[in-house]
Every structure is written in C-alpha cells, then in structure tokens.
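Just so you know, residue 1 is the first one in the sequence shown, and it goes up from there.
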Amino acid sequence: MLGPVILAASRSDRMRRLISAAPVTRPVVDRFIPGETVDDVVPIVRDLTGRGLEVTLDVVGEDITTPEQAAAARDAYLELVERLGELGLGTRAEMSVKLSLFGQALPDGHELALANIRPVVEAAAAIGTTVTLDAEDHTTLDSMFAIHEELRKDFPQTGCVIQAYLYRTEADAHRLADSGSRVRLVKGAYKEPAEVAYQQKSETDKAYVRILRILMEGEGYPMIGSHDPRLISIAQELARRASRKPDEYEFQMLYGIRSDEHLRLAAEGHRMRVYTAYGTDWYGYFMRRLAEKPANLRFFARSMLTRG
C-alpha cells in the first residue's frame, strides 16, 4: 500500500525540498492547485460558477510556528472574502479552513484559532457566504468541533468536516445531524493508527455509507465529499429515500479530478461544489491528493516520466 508511504512523505522536510525543487513538479501540481494568489484563482471561480458549479476555496498551508503566521493566514482569507464580495460571488463560493493554519497547534492554540477564524466567518456572512472547518488528524478534532459549536451560536451556517475512517465519526455524525449542521463527509486523508481508524478501504467505504445514511436522515445539510461513482450513486438513493430535495444536500469534488462528472451532476440538477485550493505552501495538500487515490499517483508518476 503506497498511501501510508506517501502520507509519511507529506510530513518529511527532506521530501518536501526534493519534490518542490524538481522542475517537472510544478506543471503536475497545477492540475490540483490552479494558482498561488487571489488574482490567480478569481478567473477559475468565475469559470466554474459560469458553468453552473459552486466552489469552496482553501488557502493552503499547515504547520505554522508563530502567531504572526496565523495572523497572516487570517488576513489572506479576509482578502479572499473581500474579492469575492467585490465580484458578487458570495452566494456561489464559500471557504474551507484548516484551523492548524490559524494557530491551533501553538501554545493556547484553541483560543488563538478561534480568535483568528471568527473575523473570517463574520466577513463571509456579510457577503452572503460561509466557512467550513476542515478536519485534520484525530488529535485536533475535539478542538475543531468545539470551535464549530461556538461559531454556530452566531453563525449557524458554519460547516465542518467529518472523516469516515475514524471510529468516532458515527457518533459525531449523530450529534451533528441532530443539531442541523452543514457537514461534509470525506473518507479521510491522514495517516492514522489502527487504534482510532479503519485501515482497510473496504471498511472505510462501509462506514462512509453508514454515516451518510445518518446525515441524510438527520436535520442537517449533508455535503458528499467523494469521487467514487458507487458512493455517489448510493448518496443519490439515500437522498431519495430521505425525501430530500436537490437543494437540501450537495456533492463536493476536488478541482482537477473528474471534471466531467462535476458538469454531469450539475446538469442533472444537483448542487455540485468544486474544492479549489491555492497558495504557495502546496506540498502537504498535494501529497495527500496523491495518497488518496492510486489514479492520482499514476498521473503524477506518468507526468514526471514524460516531462523528465
């Protein structure tokens, strides 16, 4: 299984330097990360929304070491909100945020991350959009859920992400569904120990379906984060059984992966949101995309060989 090896590489400074310096890397990265600045990504947002799609935007970056870096991340998102508002894209584009980028792992990180994310959520609400808190490794989740609960007191549309491969997630799904939360369900893309997470894809897939049923039958707004045709078909059937209308759930897929499927689902009347990342600190995000799916790794390897 190459996935765990790639996830380990995503935390390696040596591998980061090696892959980042390779001249063939950048054209491949562009498939998943279409730019480094707001100016780079705005045309992408316009193009996607012009095709009937919606967008969630992620300013990539992790493992910050100072409060000043956390404040810079906050300001980058505030700049993004300002641009979306100026362009009238607030109703078609939301934002995804990793709390590690906002200082969660620093001393007093829970309070720091909450203080940094709140103005972003406030600004997003002012232009008619919202923020979803991304899930990271299992040690960060209690803090993430607590921040999510706190933000929802004033901004109930604030979303969060849950990961099917964690044993705890079915219980989390029941709680979030009962509270009417916006919840993105993904399989999970971090290297987690067997004590807390399923290690086999088949077990994760089964858990994904169980959790998705909980969300569909609950009071919240499910967001199906998957490229798996089988899971997409199951999601449609579960939505039908739960008598959900097309605007009462949505599909989410990554920029650069199965783009034809994005358009097909939108053409069928489904809400289809494209997760679009941008920024200079792309390495960790890029490596997890490779680890998630063998096809992504084959694409990268083939491109490296061709361009090399």
With sequence neighbours left out, the residues meeting ring pair (Phe, Tyr, Trp, His ring centres under 6.0 Å) with F145 are none

- Message: Is it the case that over 12 heavy atoms from other parts of the model lie below 6.0 angstrom from the CZ atom of R46?
- Response: no

### D137 and E192: CA distance, side-chain angles, deciding distance, side-chain contact (heavy atoms from CB on, under 4.5 Å) verdict
CA-CA 7 Å; D137 75 80; E192 298 284 13; 3.6 Å; yes

Those residues at least two apart in sequence (or on a different chain) that pass salt bridge (Lys or Arg N to Asp or Glu O under 4.0 Å) with E111 are none

Shortest non-hydrogen pair, I44 vs D40, comes out as CG1-O, 3.9 Å

Test E149 against S179 for side-chain contact (heavy atoms from CB on, under 4.5 Å), laying out the working first.
CA-CA 10 Å; E149 184 176 352; S179 72; over 6 Å; no

One should read off an interatomic distance between R258 CZ and S226 OG, to the nearest 0.5 angstrom, of 8.5 Å

I'd like to know if the side chain of E170 and the backbone of R210 have a donor-acceptor N/O pair within less than 3.5 Å.
no

Discussion item. Taking CG in D247 as the centre, count heavy atoms belonging to other residues, nucleotides or ligands within less than 6.0 Å. Is the count above 12?
Written reply: yes

Those residues at least two apart in sequence (or on a different chain) that pass side chain to side chain donor-acceptor pair (under 3.5 Å) with R241 are E237

So the salt bridge (charged side-chain N to carboxylate O under 4.0 Å, His left out) pairs with at least one residue in residues 224-236 (sequence neighbours excluded) are K187-D228

Original post:
Do other residues, nucleotides or ligands put more than 12 heavy atoms under 6.0 Å from the CD atom of E268?
Top reply: yes

For H270, the ring pair (Phe, Tyr, Trp, His ring centres under 6.0 Å) test, sequence neighbours excluded, returns F251

Intermediate values then yes/no, side-chain contact (heavy atoms from CB on, under 4.5 Å), E217 and L238
CA-CA 8 Å; E217 294 176 353; L238 290 175; 5.9 Å; no

Assess the residue pair K201 and D205 against the criterion (salt bridge (Lys or Arg N to Asp or Glu O under 4.0 Å)); give the C-alpha distance rounded to whole Å, side-chain angles, the decisive distance to 0.1 Å, and a yes or no. CA-CA 6 Å; K201 178 183 182 299; D205 287 352; 2.6 Å; yes

With sequence neighbours left out, the residues meeting side chain to side chain contact (heavy atoms under 4.5 Å, CB included) with V186 are V161, Q163, R184

Q: Using the side-chain hydrogen bond (donor to acceptor under 3.5 Å, both in side chains) rule, take Y167 and E195 through it: C-alpha gap first, then chi angles, then the decisive distance, then the call.
A: CA-CA 9 Å; Y167 303 144; E195 291 77 17; over 6 Å; no

